[in-house]
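We number each residue from 1, following the sequence as shown.
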Amino acid sequence: FVIALLVAGPVSGWLLQRFQPRVLIASGAIAIGVANLILVWVLTRTTGYPFFIVPYLLIGAGFVIATTVRTAIIFASVPKDLPASAAARNEASIGMGSRIGVVVAVVITTSVALESYAGSHAGAPPGVAGQGLSQLRLILNELSLHSVAQLTAGLDATTIKDFQDAVVEGMRFAWLVPGLVAIAAGMLAVAALLVLANLAKLKGGETHLGLTTEAAALLMYGVGAAAG
């Protein structure tokens with residue numbers, strides 16, 4: 001992931017000189033979406049680290065390319081005497097995308113994990129299933145405060161395995177949803193920006209990057225959020 005971030009940064013400037021921004025941003029968002037779907041496919045309780053190499057390369061490269069080009073578009077779409085407004089828009093898109101992504105991922109992972117565990121223990125005695133569900137909910141709520149080893153201390157191997165299976169199912173759904181959203185956003189960005197670019201040509205209001213201010217705003221709040 002870090003290697004992809006370091007390499008994709010300089011490459012994105014080279015790509016921007018040779019391809020239209022809408023193509024690069026859409027490609028970056030779609031790359032992130034495809035990576036998420038690959039993670040959904042390969043993720044199990046016993047998946048090894050090598051299986052994460054390609055997906056994280058795609059996520060790192062797609063994120064850097066999409067956000068770097070998006071930043072260039074935002075600054076190009078704002079008058080030169082208003083650099084602070086351009087910077088504010090850029091930071092707003094980054095902040096919004098990252099925060100929405102974290103909230104959605106946590107909510108989906110927790111909800112699906114609890115439902116998966118409850119479903120897999122539907123035939124167990126109510127007291128046993130309820131106690132296990134309460135323990136899993138406590139672990140998920142306390143993950144940011146304590147280590148997994150501390151939270152699972154004293155639990156038997158079977159219970160830990162069941163918890164792991166439930167959390168993996170939650171993580172798969174947490175990757176599936178933004179993956180589909182990123183792919184859809186990339187495709188919608190191409191369609192929407194083609195329409196806006198054609199309108200801009202008729203009105204003579206496009207920027208030197210071939211995008212209107214409205215198109216840049218669409219990228220900032222749409223594709224930028226999906227990539228973040």
Side-chain angles (χ1 to χ4, degrees), residues 1-2 4-5 28-60 62-63 66 94-186 222-228:
F1 179 75
V2 175
L5 291 178
I30 292 173
I32 294 172
V34 170
N36 281 11
L37 296 185
I38 293 175
L39 288 169
V40 172
W41 179 50
V42 303
L43 183 65
T44 65
R45 187 168 51 85
T46 59
T47 301
Y49 285 109
F51 290 93
F52 294 92
I53 294 175
V54 172
Y56 277 111
L57 284 174
L58 286 174
I59 291 175
F63 176 79
I94 296 174
M96 181 181 69
S98 61
R99 284 163 178 77
I100 290 177
V102 170
V103 172
V104 171
V106 170
V107 170
I108 292 176
T109 300
T110 303
S111 301
V112 174
L114 294 174
E115 291 181 6
S116 176
Y117 181 84
S120 64
H121 290 74
V128 175
Q131 181 181 4
L133 194 63
S134 298
Q135 289 178 323
L136 178 57
R137 182 180 289 108
L138 176 64
I139 291 173
L140 293 174
N141 290 337
E142 298 289 331
L143 271 179
S144 61
L145 303 176
H146 305 283
S147 67
V148 174
Q150 291 175 323
L151 293 172
T152 57
L155 298 178
D156 59 89
T158 301
T159 300
I160 293 177
K161 176 182 175 297
D162 292 341
F163 286 175
Q164 290 174 339
D165 290 335
V167 172
V168 165
E169 190 67 17
M171 292 176 64
R172 294 177 74 241
F173 271 87
W175 272 324
L176 176 64
V177 173
L180 295 176
V181 169
I183 292 174
V223 181

Participant: Taking C-beta and beyond as the side chain, do Ile59 and Asn36 meet within less than 4.5 Å on heavy atoms?
Facilitator: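 Yes - at least one pair of side-chain heavy atoms lies under 4.5 Å apart.
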Participant: Quick one: pull up CZ in Arg172 and OG1 in Thr44 and give me the separation to the nearest 0.5 Å.
Facilitator: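 The OG1 atom of Thr44 is 9.0 Å from CZ of Arg172, to the nearest 0.5 Å.
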Participant: Are side-chain heavy atoms of Leu176 and Leu37 found at a separation under 4.5 Å?
Facilitator: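 The answer is yes, as the side chains (C-beta and beyond) meet within the 4.5 Å cut-off.
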Participant: Looking only at non-hydrogen atoms, find the nearest pair between Leu58 and Ala35 and report the distance.
Facilitator: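 For Leu58 versus Ala35, the nearest heavy atoms are CB-CB, 3.7 Å.
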Participant: Quick one: closest heavy-atom pair of Gly62 and Ala31, and the distance?
Facilitator: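 Looking at all heavy atoms of both residues, the closest pair is CA-CB, 4.2 Å.
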Participant: Contact between Leu140 and Leu143 at the side-chain level, heavy atoms closer than 4.5 Å - yes or no?
Facilitator: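 In short, these two side chains touch, coming nearer than 4.5 Å.
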Participant: Ignoring hydrogens and angles, tell me if any N or O in the side chain of Thr152 forms a donor-acceptor pair with the backbone of Leu155 under 3.5 Å.
Facilitator: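 Looks like no, no N/O pair under 3.5 Å.
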Participant: With a cut-off of 6.0 Å (strictly less than), are more than 12 heavy atoms of other residues, nucleotides or ligands near CZ of Phe173?
Facilitator: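 No - once you tally the heavy atoms of other residues, nucleotides and ligands closer than 6.0 Å, there are 12 at most.
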Participant: Quick check: do Phe51 and Leu43 have side-chain heavy atoms less than 4.5 Å from each other?
Facilitator: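 No - every pair of side-chain heavy atoms lies 4.5 Å or more apart.
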Participant: Rounded to the nearest 0.5 Å, what's the gap from OH on Tyr117 to CZ on Arg137? Could you check?
Facilitator: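 Between atom OH of Tyr117 and atom CZ of Arg137 there are 11.5 Å.
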Participant: Between Thr109 (side chain) and Ala174 (backbone), is there a donor-acceptor pair under 3.5 Å?
Facilitator: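 The answer is no, because no donor-acceptor pair under 3.5 Å joins these two groups.
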Participant: As an exercise, state the distance from CD1 of Ile139 to NE2 of His146, rounded to the nearest 0.5 Å.
Facilitator: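 Here the rounded value is 11.5 Å.
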Participant: Would you give the length of the straight line joining atom CD of Gln164 to atom CG of Leu136, rounded to the nearest 0.5 angstrom?
Facilitator: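 The CG atom of Leu136 is 11.0 Å from CD of Gln164, to the nearest 0.5 Å.
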Participant: Hey, could you give me the CZ/OG1 distance between Phe163 and Thr158, rounded to the nearest 0.5 Å?
Facilitator: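 These two atoms lie 11.5 Å from each other.
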Participant: Can you name the closest pair of heavy atoms from Gly186 and Ile30 and give their distance?
Facilitator: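 Shortest heavy-atom contact: CA-CG1, 4.2 Å.
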Participant: Can you tell me how far the NE2 atom of His121 sits from the CG atom of Asp162, to the nearest 0.5 Å?
Facilitator: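 Result: 4.0 Å between the selected atoms.
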Participant: Any idea which heavy atoms bring Ala166 and Ser116 closest together, and the distance?
Facilitator: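 Closest approach of Ala166 to Ser116: CA-OG, 4.0 Å.
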Participant: Any non-hydrogen side-chain atom of Thr47 less than 4.5 Å from a side-chain atom of Val168?
Facilitator: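 Of all side-chain heavy-atom pairs linking Val168 with Thr47, none is under 4.5 Å.
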